[in-house]
Amino acid sequence: MTHGDIAVLLATAADEVTIGPAPCQAVVRGGRRRRARRWVTAAAAALVAAGSTGTLALAGAGGDGAERVAPAATRPPVGDERHLYAPRSSDLARGTDHGRTWKVVVSVWGAPRDRTEARHQLDAMAGAGFGNPGVEPPTAAGLVGRSAYFVRLTVDGRTSTKVRGVFDRRGTLSGRQVWSAALPLEIRRTTPRGSGERLVIGRVSPTAQEVTCTWDDSTTTTAYRPAPGTGIVGDFEDLIRPADGSPSDWFVCLGPEGRTFRAAAVTK
């Protein structure tokens with residue numbers, strides 16, 4: 001076959017092929033669909049990002065732009081706040097006797113919630129020079145749920161614990177109930193009991209208004225409540241006073257020289 005024959009065949013084949021119009025519209029529509037899909041995808045991504053940002057902003061700030069902080073969980077009071085390891089102390093009486101200054105102070109320790117707190121409290125009491133409050137049983141178990149008190153007498157700078165104990169779980173004194181202890185106005189332990197016990201320290205209910213102390217010669221001394229708002233300055237005795245941490249109120253009576261205590265009663 002010559003080159004001329006080949007040319008004739010190609011021309012014949014070309015004549016038999018029908019060429020249609022170019023698919024311009026289809027190409028355009030396909031391009032639009034692809035652009036639309038890309039736009040939807042981009043918009044969705046933008047919405048997700050915006051939604052996340054909005055959520056974080058709401059969590060961090062309110063409508064006024066102020067930062068919102070989640071409230072902290074309520075924290076139970078620690079030992080110091082409940083006065084487990086350091087007591088609250090209150091002066092019950094102060095005075096001067098034959099040139100000697102004296103005072104009576106009650107110190108109240110908070111009630112432990114369990115034996116661990118009670119053991120730590122006993123260690124703190126010993127370290128502070130108070131010793132055991134005389135609880136029964138004389139172990140940490142006897143202190144759980146009970147606040148302890150120590151009444152100390154100071155004369156001319158020398159201090160001694162004279163009364164100690166725990167408040168009963170059943171509650172405070174009520175009505176005309178009274179508890180009292182008598183002792184000499186001395187620090188020396190050699191003073192015979194029953195001889196010159198003219199300093200009386202006691203507890204009464206918060207409603208008691210007057211306590212009468214009777215001495216061995218039938219004379220009496222009256223302890224009363226000071227008027228509300230009365231400031232106490234300098235020496236004071238023969239008063240009924242509250243004490244920090246104590247469910248009962250306290251009173252102190254000082255008898256005449258040479259007298260010995262006989263009885264105490266709530267008379268109002």
Side-chain angles (χ1 to χ4, degrees), residues 83 86-109 125-126 128-134 147-167 173 178-204 208-227 230-246 248-267:
H83 299 278
R88 285 175 281 188
S89 297
S90 304
D91 287 0
L92 299 181
R94 295 192 299 263
T96 303
D97 184 76
H98 295 289
R100 303 175 304 162
T101 59
W102 62 273
K103 68 177 179 178
V104 178
V105 178
V106 59
S107 298
V108 181
W109 300 68
M125 289 175 176
F130 285 87
N132 193 294
S147 54
Y149 62 86
F150 296 81
V151 180
R152 308 178 97 182
L153 171 65
T154 299
V155 179
D156 274 351
R158 299 176 58 197
T159 301
S160 176
T161 298
K162 296 298 184 180
V163 182
R164 67 186 70 200
V166 293
F167 294 111
L173 300 175
V178 60
W179 174 95
S180 62
L183 55 143
L185 189 60
E186 300 285 349
I187 296 300
R188 296 191 302 271
R189 297 181 179 180
T190 56
T191 304
R193 287 194 59 80
S195 174
E197 293 180 342
R198 63 190 184 102
L199 180 65
V200 180
I201 302 166
R203 292 190 286 120
V204 293
Q209 299 300 310
E210 181 183 275
V211 175
T212 299
C213 296
T214 303
W215 313 105
D216 57 353
D217 62 351
S218 297
T219 58
T220 60
T221 299
T222 300
Y224 62 95
R225 288 188 184 274
T230 302
I232 298 176
V233 179
D235 294 351
F236 65 95
E237 58 195 49
D238 304 336
L239 294 181
I240 303 172
R241 305 194 66 200
D244 289 342
S246 173
S248 301
D249 287 355
W250 295 78
F251 71 91
V252 173
C253 289
L254 183 64
E257 181 74 28
R259 297 276 64 84
T260 297
F261 172 71
R262 178 185 294 173
V266 175
T267 47

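These numbers come from a predicted model, not from an experiment.
Residues that satisfy the salt bridge (charged side-chain N to carboxylate O under 4.0 Å, His left out) test with D97, not counting sequence neighbours, are R100, R198. Applying the salt bridge (charged side-chain N to carboxylate O under 4.0 Å, His left out) criterion to D244, with sequence neighbours excluded, gives no partner residue. Shown here are the side-chain hydrogen bond (donor to acceptor under 3.5 Å, both in side chains) partners of R164, two or more places apart in sequence or in another chain: there are none. Judged as a side-chain hydrogen bond (donor to acceptor under 3.5 Å, both in side chains), and not counting sequence neighbours, T101 has no contacts. By the salt bridge (charged side-chain N to carboxylate O under 4.0 Å, His left out) test, D249 pairs with R225, sequence neighbours left out. Among residues two or more places apart in sequence or in another chain, the side-chain contact (heavy atoms from CB on, under 4.5 Å) test is passed with A265 by none. For W215, the side-chain hydrogen bond (donor to acceptor under 3.5 Å, both in side chains) partners are T221, not counting sequence neighbours. Judged as a ring pair (Phe, Tyr, Trp, His ring centres under 6.0 Å), and not counting sequence neighbours, F251 has no contacts. In terms of the side-chain contact (heavy atoms from CB on, under 4.5 Å) criterion, residue partners of Y224 (sequence neighbours excluded) are, by chain and number, L239. With sequence neighbours excluded, the residues that form a side-chain contact (heavy atoms from CB on, under 4.5 Å) with A128 are W109, F130. Scored by the side-chain hydrogen bond (donor to acceptor under 3.5 Å, both in side chains) test, S180 finds no partners at all (sequence neighbours excluded).
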(message) What verdict does the side-chain contact (heavy atoms from CB on, under 4.5 Å) test give for T222 and E210, after you've listed the backbone C-alpha separation in whole Å, the side-chain angles of each residue and the deciding distance to 0.1 Å?
(response) CA-CA 7 Å; T222 300; E210 181 183 275; 3.4 Å; yes
(request) Kindly indicate, with the supporting measurements, whether the criterion side-chain contact (heavy atoms from CB on, under 4.5 Å) is fulfilled by L183 and L153. (result) CA-CA 10 Å; L183 55 143; L153 171 65; 4.0 Å; yes
(request) Walk me through it: do T260 and E197 pass the test side chain to side chain donor-acceptor pair (under 3.5 Å)? (result) CA-CA 5 Å; T260 297; E197 293 180 342; over 6 Å; no
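D238 places a side-chain N or O within 3.5 Å of a backbone atom of L254 that can act as its donor or acceptor partner. Between the side chain of N132 and the backbone N or O of G134 there is at least one donor-acceptor pair closer than 3.5 Å.
Taking the ring axis of W250 as reference, the NZ or CZ atom of R241 does not stay both within 45° of it and closer than 6.0 Å to the ring centre.
Note that the NZ atom of K162 and the OG1 atom of T154 stand 10.5 Å from one another [nearest 0.5 Å]. The structure places CD of E257 at 9.0 Å from CG of L185, a figure rounded to the nearest 0.5 Å. Note: I187 CD1 to W102 CH2 = 11.5 Å, rounded to the nearest 0.5 Å. For the atom pair NE2 (H83) and OG (S107), the distance works out to 12.0 Å, reported to the nearest 0.5 Å. Once rounded to the nearest 0.5 Å, the distance linking CZ of R259 with OG of S218 reads 10.0 Å.
With contacts defined as side-chain heavy-atom distances shorter than 4.5 Å, the pair F167/R203 qualifies. Contact annotation: the side chain of V104 approaches that of V151 to within less than 4.5 Å [non-hydrogen atoms, C-beta and beyond]. Residues P133 and Y149 form no side-chain contact, since every pair of their non-hydrogen atoms from C-beta on lies 4.5 Å or further apart. Using a 4.5 Å heavy-atom cutoff, the side chains of V106 and S90 are in contact. No side-chain heavy atom of L199 sits under 4.5 Å from any side-chain heavy atom of F261.
For the residue pair T267/T212, the side-chain donor-acceptor check at 3.5 Å is satisfied.
Smallest separation of non-hydrogen atoms from S248 and L173: OG-N, 3.7 Å. For A208 against I240, the heavy-atom pair with the smallest separation is O-CD1, 4.2 Å. A264 and V178 make their closest contact through O-CG1, 3.7 Å (heavy atoms, listed as atom of the first residue, atom of the second, distance).
Screening residues 147-160 for salt bridge (charged side-chain N to carboxylate O under 4.0 Å, His left out) gives no qualifying pairs among residues at least two apart or on separate chains.
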